[in-house]
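To keep things clear, I will list the structure first and then write my remarks on it.
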Amino acid sequence: MAKVLNSILCFFLILSVAMTSTQVKAQQRCSETLKASDCTIAECQSECLQKHNGTGVCTGGNVGPLSCVCVYNC
């Protein structure tokens, strides 16, 4: 009885993962660098929202300046 229950549970787990991956593939995300340096989060978010109705984030490494990158639905 336990083997049958485990098999059914495994089947539904695989099925749910397959359905989730199908939904993820349907949502394509694009990104664009709006400003290459001197990023402030408020300005970045505002510009990204106006241009692409997306989410702006300041990204960069420890060495260089922060860049404004806009992530939005393609």
Spell out, with a plain yes or no, whether Cys68 and Cys39 have SG atoms under 2.5 Å apart.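 No - the two cysteines, Cys68 and Cys39, have SG atoms at least 2.5 Å from each other.
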
May I ask you to check whether the SG atoms of Cys74 and Cys30 are separated by less than 2.5 Å?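 Cys74 pairs with Cys30 as a disulfide (SG atoms under 2.5 Å apart), so yes.
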
What distance do Thr59 atom OG1 and Leu66 atom CG have between them, rounded to the nearest 0.5 Å?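 Nearest 0.5 Å value for the OG1-CG distance: 7.5 Å.
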
When rounded to the nearest 0.5 angstrom, what is the spacing between CG in Asn53 and SG in Cys70?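 Going from CG on Asn53 over to SG on Cys70, the span is 9.0 Å.
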
The criterion is side chain to side chain donor-acceptor pair (under 3.5 Å); which residues satisfy it with Thr33, sequence neighbours excluded?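 Result, side chain to side chain donor-acceptor pair (under 3.5 Å) vs Thr33: none returned.
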
Partners passing side chain to side chain donor-acceptor pair (under 3.5 Å) against Gln50 (at least two apart in sequence or in another chain):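 Testing Gln50 for side chain to side chain donor-acceptor pair (under 3.5 Å), a comparison that skips the adjacent residues, returns none.
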
ring-ring contact (aromatic ring centres under 6.0 Å, His included): pairs with one or both residues in residues 29-50, sequence neighbours excluded: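 For residues 29-50, and leaving out neighbouring residues, there are no ring-ring contact (aromatic ring centres under 6.0 Å, His included) pairs at all.
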
Got a sec, which pairs hit side chain to side chain donor-acceptor pair (under 3.5 Å) with one end in residues 65-74, sequence neighbours left out?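 Applying side chain to side chain donor-acceptor pair (under 3.5 Å) to every pair that reaches into residues 65-74, excluding sequence neighbours, yields Arg29-Asn73.
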
Apply side chain to side chain contact (heavy atoms under 4.5 Å, CB included) to Ile41 and list each qualifying residue two or more places apart in sequence or on a separate chain.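 Residues passing side chain to side chain contact (heavy atoms under 4.5 Å, CB included) with Ile41: Gln45, Cys58.
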
What pairs with Ser31 under side chain to side chain contact (heavy atoms under 4.5 Å, CB included), at least two apart in sequence or on another chain?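 So Ser31 forms a side chain to side chain contact (heavy atoms under 4.5 Å, CB included) with Val69, Val71.
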
